[in-house]
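Reckoned from all heavy atoms, side chains included, excluding hydrogens, waters and symmetry mates. Given the structure is predicted, the values throughout are model-derived calculations rather than measurements. Note that the numbering runs from 1 along the sequence shown for the chain.
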Amino acid sequence: MTRSMTGFGRRQAPWQDGSVTVEIRSVNHRFLEVSCRLPRPLSHLEDVFKKSVQQRCTRGRIDITVTVQAGKGRAGSVNLDQPLAKQYHQALRTLKKSLKLSGPIDLALVAGFRDVLSVSDQPAEDPKLAKMSQQLMTEALSDLEGMRTREGKALAEDMGSRIQTIRGHRTSVAARTPLLAQEMFVKMKGRVEKLLGSEIPDLSRLHQELAIYADRSDITEEIVRLDSHMIQFEQTLDRSESIGKTLDFLLQEIGREVNTIGSKANDAEIAGHVVQMKAELERIREQVQNVE
């Protein structure tokens, strides 16, 4: 089943007085590249999240964002730097003794010093928060896969339709092919006779050379290879694994045969069909860039 590299997944769940949100975005990329933006208490999950993506996606740039939103009235977590508080307390005791000062060294005084108490907007580490985030990640990843699959199906239908259009032009070209050699022979014979008049030294040899030249315009082999590449392209669209690079290669081969047909045939009617086939190939090429 064809899958796109573009997709989005989002899941959210309540957490304490706030919420936890996991968002996954995917765009085109030659290979698989996974980026995580996690709050500090969940940073240890980065490798777990990346492995989950690697098991289910093979190409694309995928960005994972986890946001923990504190509820109203909650300002995150309060951190106490106890070693620093002890240093402040010891320094105050030394100062009080050396200067022979009076007055208590109490909690209010020590807590008022910088960095003893600090408030972080990051939530405190909690195993339940990590477990919830992993569950939301799994669900968001499923949403992402669903979107990539649906878009991939639409891409496959569009590309399949355009291959059929190319096949229609190929049929018209094939119908024209048997006449090419004879027309080329007659055309070249007329030109030679016009140039030489009645002074043709060896008429049979001339006809032989003209026949060889006319045979060079035969495009039967190119049409056969074109048919084969288009069949392989359609069969590849139905495969379940990553097919983007294979489609891109087959598209190059189809384009090569179309170009050769145009250059060898040297025929106005066939040239018109070649132009139309190239236009469809360019549209398919744009779509293939989105396929995983």
Side-chain angles (χ1 to χ4, degrees), residues 1-83 115 117-156 236 239-248 288-292:
M1 179 66 69
T2 304
R3 296 203 311 176
S4 169
M5 283 190 283
T6 303
F8 177 76
R10 184 179 189 273
R11 287 299 177 105
Q12 186 178 63
W15 171 251
Q16 295 182 352
D17 295 333
S19 64
V20 182
T21 305
V22 177
E23 289 187 351
I24 310 178
R25 301 174 185 270
S26 174
V27 295
N28 302 351
H29 198 274
R30 290 184 61 191
F31 308 103
L32 179 63
E33 183 177 317
V34 184
S35 173
C36 296
R37 289 191 292 272
L38 308 176
R40 187 175 303 169
L42 298 177
S43 59
H44 63 284
L45 295 178
E46 181 171 350
D47 287 341
V48 176
F49 285 2
K50 287 185 176 180
K51 288 179 181 179
S52 297
V53 172
Q54 290 166 358
Q55 290 172 357
R56 300 170 70 171
C57 301
T58 56
R59 291 180 68 200
R61 174 176 172 79
I62 299 177
D63 293 311
I64 304 169
T65 303
V66 179
T67 305
V68 180
Q69 183 67 44
K72 189 174 182 180
R74 295 181 60 88
S77 58
V78 177
N79 302 312
L80 169 64
D81 192 335
Q82 191 167 335
D115 296 332
L117 291 175
S118 62
V119 178
S120 171
D121 58 357
Q122 299 287 350
E125 291 191 19
D126 189 327
K128 293 182 179 179
L129 176 61
K131 184 177 181 180
M132 176 180 291
S133 299
Q134 291 184 59
Q135 178 62 35
L136 293 175
M137 167 63 184
T138 300
E139 295 172 359
L141 187 55
S142 296
D143 293 342
L144 176 79
E145 279 192 302
M147 181 176 290
R148 283 163 62 113
T149 299
R150 290 191 296 273
E151 185 171 328
K153 182 180 179 181
L155 291 176
T236 302
R239 286 159 56 182
S240 57
E241 65 268 23
S242 176
I243 61 174
K245 293 182 179 180
T246 302
L247 292 179
D248 189 54
V288 166
Q289 302 310 309
N290 297 319
V291 176
E292 182 179 13

- [ ] Mind listing the closest non-hydrogen atom pair of Thr58 and Leu32 along with its distance?
- [x] O-CB, 3.4 Å

TODO: Answer whether the closest heavy-atom distance between the side chains of Lys128 and Trp15 falls below 4.5 Å.
DONE: yes

Task: Minimal non-hydrogen separation, Met137 against Ile64, with atom names - done: CE-CD1, 3.6 Å

Task: Closest contact, heavy atoms only, Ile62 versus Ser26 - done: CG1-OG, 3.8 Å

TODO: For residues Cys57 and Arg3, report the shortest heavy-atom separation together with the two atoms involved.
DONE: CA-NH2, 3.9 Å

Open item on the list: In the structure I gave you, are the side-chain heavy atoms of Gln12 and Arg10 within less than 4.5 Å of one another anywhere?
Closed with: yes

Open item on the list: Between Asp248 and Thr246, is there a side-chain heavy-atom distance shorter than 4.5 Å?
Closed with: no

TODO: Flag the pair Val22 / Thr65 as yes when at least one side-chain heavy-atom distance between them is below 4.5 Å, and no otherwise.
DONE: no

Open item on the list: So if I apply the salt bridge (charged side-chain N to carboxylate O under 4.0 Å, His left out) rule between Glu292 and each of Arg61, Arg148, Arg59, which one comes out positive?
Closed with: Arg148

Task: Gap separating the CG atom of Asp63 from the OG atom of Ser35, nearest 0.5 angstrom - done: 5.0 Å

Task: Contacts of type side-chain hydrogen bond (donor to acceptor under 3.5 Å, both in side chains), residue Gln289, not counting sequence neighbours - done: none

Task: Over 12 non-hydrogen atoms of neighbours within 6.0 angstrom of NZ in Lys50 - done: yes

Open item on the list: Would you compute the distance between atom CG of Leu45 and atom NZ of Lys51 and round it to the nearest 0.5 angstrom?
Closed with: 12.0 Å

- [ ] With side-chain contact (heavy atoms from CB on, under 4.5 Å) as the test, would you mind laying out the steps for Glu46 and Leu38 before giving the verdict?
- [x] CA-CA 8 Å; Glu46 181 171 350; Leu38 308 176; 4.0 Å; yes

- [ ] Taking the side chain as every heavy atom from C-beta outward, state whether Met5 and Asn28 have any atom pair closer than 4.5 Å.
- [x] yes

Task: Side chain to side chain, Gln135 and Lys131, heavy atoms closer than 4.5 Å - done: no

Task: Any donor-acceptor N/O pair, Ser142 side chain to Thr138 backbone, under 3.5 Å - done: yes

TODO: Could you tell me which residues satisfy side-chain hydrogen bond (donor to acceptor under 3.5 Å, both in side chains) with Gln82, sequence neighbours excluded, listed by chain and number?
DONE: none

Task: Residue list, salt bridge (charged side-chain N to carboxylate O under 4.0 Å, His left out) with Arg56, at least two apart or on another chain - done: Glu145

- [ ] Might you point out which heavy atoms bring Met147 and Phe8 nearest each other, and give the distance in Å?
- [x] SD-N, 3.2 Å

- [ ] Provide the closest heavy-atom pair for Val20 versus Leu129 in the form atom of the first, atom of the second, distance.
- [x] CG2-CD1, 3.5 Å

Task: Val34 side chain reached by Phe49 side chain, heavy atoms, under 4.5 Å - done: no

TODO: Indicate yes or no: does Glu23 engage Arg25 in a salt bridge with an N to O separation below 4.0 Å.
DONE: yes

Task: Test: Asp143 and Arg11 ion pair at under 4.0 Å - done: yes

Open item on the list: Just so I know, are the side chains of Ser133 and Leu136 near enough to count as touching, which here means a heavy-atom distance under 4.5 Å?
Closed with: no

Open item on the list: Is it the case that atom CZ in Arg30 sees more than 12 heavy atoms from other parts of the structure closer than 6.0 Å?
Closed with: no

